[in-house]
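In what follows, a single structure is set out as structure tokens and then discussed.
Since the structure is predicted, the reported quantities are computational estimates derived from the model, not experimental observations. Because only heavy atoms are used, hydrogens play no part in the values below, and waters and symmetry mates are left out as well, while side chains stay in. Naming convention: chains lettered A, B, ... in sequence-line order (proteins, then strands); numbering from 1 in each chain.
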Protein chains: 2
Amino acid sequence: MFSDLTDPILKSAAEMPLVPIDRQTSLGELAYASLKEAIVRGEFSAGQKLTVRAVAQALEVSTTPARDAIMRLIGEGALVNAGPKTVIVPPLTKTALDEVTAIRLVLEALAAKIAAANISPETIDKLKTLQSQINSALDAGNYSAALKANKAFHFLIYQTAKMPRLTTMIESLWVRIGPSLNDLYPEFATSRVGVSNHMEAIAGLESRDAARVQAAIEKDIRDGYRRLATRVE
Amino acid sequence: MFSDLTDPILKSAAEMPLVPIDRQTSLGELAYASLKEAIVRGEFSAGQKLTVRAVAQALEVSTTPARDAIMRLIGEGALVNAGPKTVIVPPLTKTALDEVTAIRLVLEALAAKIAAANISPETIDKLKTLQSQINSALDAGNYSAALKANKAFHFLIYQTAKMPRLTTMIESLWVRIGPSLNDLYPEFATSRVGVSNHMEAIAGLESRDAARVQAAIEKDIRDGYRRLATRVE
DNA sequence: ATTTGATATTTGATGCAACAAATTTGTTGC
DNA sequence: GCAACAAATTTGTTGCATCAAATATCAAAT
């Protein structure tokens with residue numbers, strides 16, 4: 001015991017089984033997260049103007065972090081510049097919905113396909129838990145909880161693909177439709193069209209059938225599209 | 001003559017034959033464009049640290065526009081945060097290249113497919129002009145000109161799809177591999193592997209054969225991938 | 001009453017100073 | 001030499017004042 005105290009426990013810090021903590025707790029980061037959340041929740045009506053000073057005042061920070069957050073959201077398409085000095089939350093036009101859906105189809109299909117090869121039993125358990133959460137949220141009429149669990153369900157699959165850049169890109173697409181999803185209640189709650197697609201996706205993952213998972217996700221996207229399309233234009 | 005002076009020349013401004021000018025000439029915008037250009041040209045070695053003040057000084061602006069530019073480029077993945085106070089231009093690892101290529105394949109294939117349905121004879125002429133520019137640039141050994149014309153060729157096709165959000169996403173992927181492309185000279189110049197793919201794409205567009213265009217673009221991406229893959233790791 | 005023009009207000013952009021955190025450099029002790 | 005500690009410097013963040021441009025308000029004229 002203690003036979004060789006000069007021998008270091010670890011040869012370098014890189015060998016420590018720890019993941020670096022990300023200190024992304026700047027006010028700009030918080031403002032970004034907070035504003036994005038509000039947009040996805042549909043707190044702003046489409047076309048509503050956002051000013052730097054108004055956002056700064058609402059978040060109780062100075063103009064700089066507020067401006068950071070707005071510019072960042074413009075960069076990923078969650079907000080748009082509609083004039084020289086006016087940024088608005090973009091209304092979801094039919095054209096935009098068509099384009100976003102076409103991109104979602106290829107991107108989320110890719111993620112789903114690769115996820116099927118990387119799936120673990122633990123992740124499948126979590127997916128089943130999330131699906132039951134969706135069901136009970138719908139039963140309880142808690143629509144926003146159902147939306148949240150639905151998003152968690154999809155992104156748990158996508159994250160399984162271990163393609164972080166892909167996941168980020170998909171996220172930016174969801175932000176653009178997020179606001180409009182809130183208008184779908186209660187139609188979405190009663191129809192429960194997503195449930196069977198999710199069950200099919202889980203079944204495909206369990207049998208590691210990439211094509212089956214991909215088809216289930218694609219159908220889920222198309223079903224959602226049809227509902228959204230009736231609400232725009 | 002002058003029979004009815006009370007009649008207005010134009011009923012509304014909307015009837016005037018003018019297109020609105022876009023005033024996107026803020027310093028932040030210019031700094032962003034300039035910095036992105038420099039990154040794609042490979043001016044910075046992979047892993048090189050970028051500081052707000054250094055960029056500000058180089059561009060002869062204050063910290064604010066420089067910070068705007070850096071944050072924006074971080075947002076689209078052209079720069080990455082590698083530590084609490086260090087942003088670097090990310091080295092292209094094999095993993096990153098694999099992921100970006102997989103995404104490019106589905107996204108650019110989608111754009112190419114839709115472009116085939118929207119193509120006009122004028123655009124095909126422009127594509128042929130660009131291809132001849134690529135050839136003569138390669139003949140002259142002007143590699144950076146060849147790269148620039150190659151990019152123009154691809155994006156002229158993608159823009160034909162009339163999906164602006166898709167084009168932006170593809171652009172952000174090109175920025176990530178751009179720096180490494182410069183290391184490929186002169187191998188790329190001598191092999192001229194891209195030429196046949198481009199001719200095939202043009203032929204497919206002329207006959208409006210979406211599958212053929214898509215296949216040509218996919219092959220072009222895969223060929224480029226093989227060359228890049230030998231240089232990373 | 002509607003339009004035109006001037007005035008006032010709002011707003012994004014920009015620069016800069018102050019601060020805190022992180023890094024680098026220097027120094028001391030062994 | 002080298003490890004440990006401390007001082008100095010670098011650096012991102014934040015707030016704010018200022019400016020010019022855009023928008024809104026209002027009055028006068030037709």
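A straight line from CD1 of B:I74 to C1' of D:dT11 spans 13 Å, rounded to a whole angstrom. D:dG12 atom P lies 13 Å from atom CD of B:Q57, rounded to whole Å. Here the P atom of nucleotide D:dG15 and the CG atom of A:L59 are 11 Å apart, to the nearest Å. A straight line from CD of A:E60 to P of D:dC16 spans 13 Å, rounded to a whole angstrom. Protein atom CD of B:E29 is 10 Å distant from nucleotide atom P of C:dT14, rounded to whole Å. Protein atom CD1 of B:I88 is 13 Å distant from nucleotide atom P of D:dG12, rounded to whole Å. The interatomic distance linking A:K49 (NZ) with C:dT10 (P) rounds to 12 Å, in whole Å. Distance A:D68 CG to D:dT13 C1': 9 Å, rounded to the nearest Å.
Where A:V52 and B:T86 meet DNA chain C, the nucleotide closest to each residue was compared, and A:V52 sits on the side nearer the 5' end. Nearest-nucleotide positions on DNA chain D for A:G83 and A:P65 put A:P65 closer to the 5' end. Between A:T64 and A:K85, it is A:T64 whose nearest contact on DNA chain D lies nearer the 5' terminus.
B:L50 comes within contact range of the sugar-phosphate backbone alone, with a heavy-atom separation under 4.0 Å but no base atom that close.
Side-chain contact check for A:V232 versus A:T93: every heavy-atom pair is 4.5 Å or farther apart.
Minimum atom distance to the side chain of A:S26 is reached by D:dT13, of the listed C:dG15, D:dT13, C:dT23. Candidate nucleotides D:dA24, C:dT14, C:dA22 were compared by shortest atom distance to the side chain of B:P84, and C:dA22 ranks first. Distance from the side chain of A:T51 is smallest to C:dG12 among C:dC16, C:dG12, C:dG15.
Residue A:L156 forms a side chain to side chain contact (heavy atoms under 4.5 Å, CB included) with just one option from A:T129, A:I124, A:L127, and that option is A:L127.
Proximity of B:R67 to the phosphate of D:dT13: a side-chain N or O atom is located under 4.0 Å from OP1 or OP2.
If you check distances only, the side chain of B:R53 does reach the base of D:dG12 with a donor-acceptor pair under 3.5 Å.
Within a 6.0 Å sphere centred on CD of B:E43, other residues, nucleotides and ligands contribute more than 12 heavy atoms.
Figure legend: cation-pi geometry between B:K151 and B:F153 absent, as NZ or CZ is not positioned both under 6.0 Å from the six-membered ring centre and within 45° of its axis.
Helical stems in DNA chain C, defined as runs of 3 or more consecutive Watson-Crick or G-U wobble pairs with both donor-acceptor distances under 3.5 Å, are listed by first residue as C:1-30 with D:1-30.
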Using a 3.5 Å cut-off and no angle test, enumerate the donor-acceptor pairs between side-chain atoms of residues 64-80 of chain B and protein atoms at least two apart in sequence or in another chain.
| residue | atom | partner | partner atom | Å |
| --- | --- | --- | --- | --- |
| B:R67 | NH1 | A:D68 | OD1 | 3.3 |
| B:R67 | NH1 | A:D68 | OD2 | 3.1 |
| B:R67 | NH2 | A:D68 | OD2 | 3.0 |
| B:D68 | OD1 | A:R67 | NH1 | 3.3 |
| B:D68 | OD2 | A:R67 | NH1 | 3.1 |
| B:D68 | OD2 | A:R67 | NH2 | 3.1 |
| B:R72 | NH1 | B:E29 | OE1 | 3.3 |
| B:R72 | NH2 | B:E29 | OE2 | 3.4 |
| B:E76 | OE1 | B:Y32 | OH | 2.8 |
| B:E76 | OE2 | B:Y32 | OH | 3.3 |

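A salt bridge links B:E171 with B:K36: at least one charged nitrogen is closer than 4.0 Å to a carboxylate oxygen.
Residue pairs meeting the ring-ring contact (aromatic ring centres under 6.0 Å, His included) criterion with at least one partner in residues 74-126 of chain B, sequence neighbours excluded, are absent.
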